[in-house]
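These notes are about the structure you will find just below.
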Amino acid sequence: MFVKKLVEKASKKAEDVSPRLAFHYGVPTDAALLAYDPVLHVLAVATRNGQVKLFGRDNTQALLQSPSPIPSKFLRFAEGQGVLLNVNAKNRIEIWDIDTKKLCYVHPFEKEITALSILPNSFYIYVGDSSGSVSLLKLDLGQICLVDMPYWIPFSESYGSEANNVGNEVEVTFVSPQPLAENNRVLIIFRDGIMSLWDIKTSKVVLLSGRTMQQQSRQEAKIVTSACWICAKGSKIAIGFDSGDIYLWSIPDILNAQNLSSTGNQNLPLQRLNLGYKLDRLPIVSLRWGNTDGKAEHLYINGFSDNGYLFQVLILNEESESRIVKMVLPLSEACQGMELVAGLSDPNKHKQSALVLLLKSGQICLYDDSEIERYLLHAQSRLPQKLPNHSPVKLPYGGSSISVAKFYTSSPMAVASLDEDYFSSLAIKYPWLLSMNNKYKTSASFADIQKTRNLYITGHLDGTISFWDASCPLLQQIFIIKQQNEDNMSSCTPITSLQFDMLSSVLICGDRSGTVRIITFKKDSTDNIFSFLHAKQGESYNVRSIKLKGAVTSTSLISNSKRFAVGTEKGIVSVISIEDASILYQKQLECRLSGGIASLQFEIYSHNGYDKDLLIVGVEDSTIFLLEEETGKLLNTNPFQTNKPSRALLIQTLELSPDDASVSDNHDTLSKEPLLLLCTENAICLFSLSHAIQGMKKLINKKKLNSSCCFASLIHSVSSEIGLILVYSNGKIEIRSLPDLSLLKDASLRSFVCTRNLNAPSSIACSSDGEMILV
């Protein structure tokens, strides 16, 4: 979810418009990598478009954005230092300060980076490359930059005597300091399975293993894809291959250094794990070892390809290596990343460990690691045990996706007066995103509602309507209305249209079945226009309904009016009485293409000293009809049409002040008559309203758009100036002035993609003063 601030000051001059991202909530799309800092308790999620999302221990979130939308391929924390290293696909190492949320340094690397490891409790970093060499970098915290160190490990020496016989240099797949000997030894694993234990001080190979694996790799075209230590003293390591093979190898630890000469070069592994990955040739994408204080030590194994996936957890005890105890996690899709975290899911359970899995779709799910351990121990004792439950990470907007949303504000000045204490109090009560609780109830108290300045109303695919306090980016749910059908049963029909009048506290909602509901709220005597939210659910409103033909596509009402208009997918416009939900009249309108009513607007047209009440109807193909509001009589017998059919996004009348600076001498007639604004997917047009009523099309101004637009809305400043906000399907946002349609400022949301998919739609809502919520 994005909260975008579009207008900073009360002006539509380019220098005073500042579109910027105010807050991002949730997991960004295209998530691909995970990293965790166990000291600071910060989880990082990197994407394929240059973004990194941070989740902190105190329910904090932050979005980092690289200058270029380049995928990440390595993500590592300098543990406890507040520094994050992000290696992108162009082999540039980005250094991020997670406290200031700023990119401090970019270190270009000449060769392709294939492995990365940070030396624990130090500032040194090992970097393996495609030529088989390992370089040493140092993190300078004073300057927050990386420094190339003169020390490096050449392929010709670390690979052993066979280095000269290898036609092409073999890339490094894994590099890591040996546990308990981090400052003295580093283990290098090459793509073909060769392992080299390197002594830092003597700059020599201590142990070379895997020659047999190298020969098998050449015969079977088998390459190393992952590895991890599986012993706290650094005496064992697990290696996974793209063939699905997993081997456990013995590595001489620092405590047995005196026996190293008698050990010699090892070419046979301790054990080969036959777990089903090889049968389907599922590459072992990642391995992770979990040390649980000497109890049942776990090996987490993740394998997937285009043909399948498998995620298993094993017990690795010294006494039971001959008998494998395993558990298959029943994931719904492949896993592309995993981390073991503690203290993020619940502020009251700091020692609770969770297995965080990043699925292929970008969704994150959590497993309680203690439940996994309990299952494995029971399985080892042959006791029956149910599989651990998982908790998907999702936005706190109920169990159903948002199908339509509206954003209303009371006063920009009132919103600005909210203090930080109010924001902090909401943050404390707000549900934890990374929670295994799976409960997202955030009901607002009476005192909180008194401070409500912005109201966000959402209609959902399951037929529910939610009211949210949007006074700050942490949206707080106030209450939910569950729709009822004629049999007093819950209706699960998706909401397709919402319209709310703050002055009269009337909400009009329509759904896909054609049912229109008039929800009238009771108000108290306070000055707060959101006072209707004070009462308890069920006691604060009454509902009347009417059934129309076709799904509801548009609704419109004006303040303190006794009627409202509804448009359906069948091209029918109905004007309905608010008091008794009776139809006053209906009008069937024809359009060039199949499609429903896209826009409805009541308007008072003044001409030659008299006023005429109009109902302006926009069809989805951008055909515009003008009706007499009272009778439904068609005023323009020749429908107002664009040259080519295009989906209408916004149809609005405008009356610009003669003092408006943007009304130039070339547009002196603009101040004398109202205009008709039409925004479609590919163009913005301004027409003369008086000519449109007469069935003529007089074009005042036009701007063709370079890409497909999916949302348009007017924004107002406190000085009554008007601007136009456009959101494109690729996430680009533009603010344009009126009536000249010039571009004031633009911005981009990389991970937001606008979609009209009814099963998983994106939602955009914009307030009149320039705040936007995108879900």
Side-chain angles (χ1 to χ4, degrees), residues 1-8 12-31 46-53 63-72 88 103 362 402 405 407 473 598 622 646-652 677-686 701-716 722-757 760-775:
M1 182 199 78
F2 299 90
V3 176
K4 194 82 175 180
K5 185 71 175 179
L6 302 169
V7 178
E8 177 68 18
K12 55 180 171 41
K13 297 178 182 179
E15 60 269 21
D16 292 333
V17 178
S18 176
R20 68 196 185 279
L21 181 65
F23 189 72
H24 178 280
Y25 187 88
V27 181
T29 57
D30 290 333
T47 71
R48 296 181 180 87
N49 55 27
Q51 293 179 320
V52 179
K53 185 64 184 287
L63 184 68
L64 312 179
Q65 185 159 288
S66 300
S68 302
I70 303 173
S72 300
N88 64 32
L103 178 62
I402 297 174
F407 192 13
S622 297
S646 180
R647 188 168 71 92
L649 302 174
L650 175 67
I651 300 174
Q652 188 81 35
L677 171 67
L678 170 62
C679 296
T680 69
E681 288 181 314
N682 49 35
I684 313 168
C685 300
L686 276 172
N701 201 359
K702 182 177 180 179
K703 177 66 179 178
K704 289 186 177 181
L705 305 178
N706 295 326
S707 56
S708 177
C709 187
C710 64
F711 178 84
S713 179
L714 295 181
I715 51 178
H716 303 261
I722 304 173
L724 178 65
I725 169 71
L726 304 174
V727 180
Y728 294 86
S729 56
N730 58 6
K732 183 180 178 181
I733 296 175
E734 289 183 348
I735 299 178
R736 293 185 175 272
S737 63
L738 291 170
D740 57 1
L741 304 180
S742 62
L743 178 64
L744 298 178
K745 286 290 180 65
D746 61 2
S748 180
L749 296 174
R750 290 183 191 170
S751 57
F752 181 81
V753 178
C754 186
T755 173
R756 299 187 70 193
N757 184 354
S762 54
S763 170
I764 307 176
C766 184
S767 68
S768 60
D769 65 339
E771 285 187 316
M772 181 180 292
I773 299 176
L774 306 95
V775 180

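Note that the numbering runs from 1 along the sequence shown for the chain. The model shown is predicted, which means the values in this text are computed figures rather than measured ones.
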With heavy-atom distances below 4.5 Å as the criterion, would you say the side chains of [X] and [Y] are in contact?
{"X": "C710", "Y": "L649", "result": "no"}
{"X": "V27", "Y": "K53", "result": "no"}
{"X": "K702", "Y": "L686", "result": "no"}

Supply the atom-to-atom distance [X] [atom1] to [Y] [atom2], rounded to the nearest 0.5 angstrom.
{"X": "F407", "Y": "M772", "atom1": "CZ", "atom2": "CE", "value": "10.0 Å"}
{"X": "S767", "Y": "H716", "atom1": "OG", "atom2": "NE2", "value": "10.0 Å"}
{"X": "L103", "Y": "Q65", "atom1": "CG", "atom2": "CD", "value": "11.5 Å"}
{"X": "S768", "Y": "I715", "atom1": "OG", "atom2": "CD1", "value": "10.0 Å"}
{"X": "Q51", "Y": "I70", "atom1": "CD", "atom2": "CD1", "value": "13.0 Å"}

Pairs flagged by salt bridge (Lys or Arg N to Asp or Glu O under 4.0 Å) wherever residues 703-712 is involved - sequence neighbours left out: none
Evaluation steps, side-chain contact (heavy atoms from CB on, under 4.5 Å), between L678 and L650: CA-CA 6 Å; L678 170 62; L650 175 67; over 6 Å; no
side-chain contact (heavy atoms from CB on, under 4.5 Å) evaluation trace for I684 with L724: CA-CA 10 Å; I684 313 168; L724 178 65; 3.8 Å; yes
N701 side-chain N/O to D740 backbone N/O, donor-acceptor pair under 3.5 Å: yes
For H24 against L21, the heavy-atom pair lying closest together: CB-CD2, 4.3 Å
Contact summary for C766 and S713, nearest pair of heavy atoms: CB-OG, 4.0 Å
Test log, rule side-chain contact (heavy atoms from CB on, under 4.5 Å), inputs C679 and L677: CA-CA 7 Å; C679 296; L677 171 67; 4.1 Å; yes
Listing, residues 725-735 side-chain donor-acceptor contacts under 3.5 Å, not counting sequence neighbours, or none:
from	atom 1	to	atom 2	distance (Å)
Y728	OH	E734	OE1	2.8
S729	OG	S708	O	3.4
N730	OD1	K732	N	3.1
K732	NZ	E734	OE2	3.4
E734	OE1	R736	NE	3.0
E734	OE1	R736	NH2	3.1

S622 versus T680, side-chain donor and acceptor atoms under 3.5 Å: no
Partner set under side chain to side chain donor-acceptor pair (under 3.5 Å) for N49, not counting sequence neighbours: T47
